[in-house]
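Structure first, then comments.
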Amino acid sequence: MFFITHFMQKVQESNRSIQRARVSWEQSKEDLEMAKSMIKTHPDTSCLLSSQATINAFSSILQAHGHFQLPAYSSTEMLNQCSSVSPAFEKARSMCAVLDSALNRDLLGHASLKNIQFTPAFARTSFEASRKIRKIIRTYWEENRKRFFDP
């Protein structure tokens with residue numbers, strides 16, 4: 001899994017930034033499919049993949065708008081950045097809280113797992129939260145497909 005831990009910087013929206021966005025969007029889909037396949041057998045990995053799927057989905061929004069070196073510490077962190085793009089993303093806030101509940105971050109953004117039970121039930125909850133967030137983001141892509149790409 002790959003978490004980007006730099007401060008967000010902005011450049012111009014370009015064909016390259018839109019291509020990076022498309023790659024992040026596709027990676028998000030793959031992460032979520034893997035998360036689903038591991039719910040019962042590896043619930044801890046499933047939870048992390050669900051979080052990563054959401055971070056990649058939010059990254060796709062920011063990248064399309066020309067941002068790079070994103071502060072991908074958490075789903076909520078990414079949501080805070082994406083809210084400036086569209087207020088519709090605010091619908092995902094409670095779902096981001098679910099995804100972030102499994103992670104504990106220090107001031108530098110380094111992750112350490114909390115002492116919680118990664119049960120299949122929690123993995124299913126995390127997967128569903130990520131799936132719903134991707135649906136919200138997919139709606140944005142569908143509404144803006146002429147400017148960016150088809151989701």
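If you're wondering where the values come from, they're calculated on a predicted model, not measured in any experiment.
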| task | Determine whether L49 and I39 fall in the same hydrophobic cluster, where Ile, Leu, Val, Met, Phe, Trp and Tyr are linked whenever their side-chain heavy atoms lie under 4.5 Å apart. | result | no
| said: Show, in sequence, the C-alpha distance, side-chain angles and deciding distance for E26 and N56, and conclude whether the side chain to side chain contact (heavy atoms under 4.5 Å, CB included) test is met. | reply: CA-CA 9 Å; E26 291 302 318; N56 278 327; over 6 Å; no
| Do you reckon F127 sits in the same ILVMFWY cluster as M34, going by side-chain contacts under 4.5 Å, direct or chained? | no
| Gap between atom CE of M95 and atom CZ of R131 - 0.5 Å precision | 10.0 Å
| task | State, to 0.1 Å, how close T76 and C96 come at their nearest heavy-atom pair, and which atoms those are. | result | OG1-CB, 3.5 Å
| field | Min side-chain heavy-atom separation S17-Q63 under 4.5 Å | value | no
| request: Could you give me the CA-CA distance, side-chain angles and deciding distance for F58 and S28, then say whether side chain to side chain contact (heavy atoms under 4.5 Å, CB included) is met? | output: CA-CA 9 Å; F58 280 134; S28 171; over 6 Å; no
| Nearest heavy-atom neighbours spanning P151 and E142 | CG-CG, 3.5 Å
| query | Is the centre of the H65 ring less than 6.0 Å from the centre of the F148 ring? | reply | yes
| Say you draw a straight line from CG of L79 to CD1 of I61; how long is it, rounded to the nearest 0.5 Å? | 11.0 Å
| message | Would you compute the distance between atom CG of L32 and atom OG of S50 and round it to the nearest 0.5 angstrom? | response | 6.0 Å
| Within 45° of the ring axis of W25 and under 6.0 Å from its six-membered ring centre, is that where the NZ or CZ of R134 lies? | yes
| message | Test your reading of the model: is there a side-chain donor-acceptor pair from T125 to the backbone of A121, 3.5 Å cut-off? | response | yes
| note | Contacts of T54 meeting side chain to side chain donor-acceptor pair (under 3.5 Å) (sequence neighbours excluded), chain-then-number -> S130
| Expected output: side-chain S59 to main-chain I55 donor-acceptor under 3.5 Å | yes
| task | Flag the pair D100 / S75 as yes when at least one side-chain heavy-atom distance between them is below 4.5 Å, and no otherwise. | result | yes
| salt bridge (charged side-chain N to carboxylate O under 4.0 Å, His left out) involving E90 - partner list, sequence neighbours excluded | R93
| How long is the span from the CD atom in E128 to the CG atom in L99, to the nearest 0.5 Å? | 11.0 Å
| So, for S46 and A35, which heavy atoms are closest and what is the spacing to 0.1 Å? | OG-O, 2.7 Å
| query | If you round to the nearest 0.5 Å, how far is CD1 of I137 from OG of S86? | reply | 10.5 Å
| request: Start with the C-alpha gap between F89 and I133, add the side-chain angles, then the distance that decides, and say whether side chain to side chain contact (heavy atoms under 4.5 Å, CB included) holds. | output: CA-CA 8 Å; F89 298 131; I133 292 167; over 6 Å; no
| Atom CE of M38 and atom SG of C47: how far apart are they, to the nearest 0.5 Å? | 12.0 Å
| Charged N to carboxylate O under 4.0 angstrom, K36 versus E33? | no
| task | Please report the C-alpha distance between D31 and Q27 in whole Å, then the side-chain angles of each, then the deciding distance to 0.1 Å, and finally whether the side chain to side chain donor-acceptor pair (under 3.5 Å) criterion is met. | result | CA-CA 6 Å; D31 290 341; Q27 183 62 52; 2.8 Å; yes
| said: Just to verify, what does R145 make a salt bridge (charged side-chain N to carboxylate O under 4.0 Å, His left out) with, not counting sequence neighbours? | reply: D150
| task | Evaluate the criterion side chain to side chain contact (heavy atoms under 4.5 Å, CB included) for residue pair W141 and S60; output intermediate values, then yes/no. | result | CA-CA 10 Å; W141 287 130; S60 72; 3.4 Å; yes
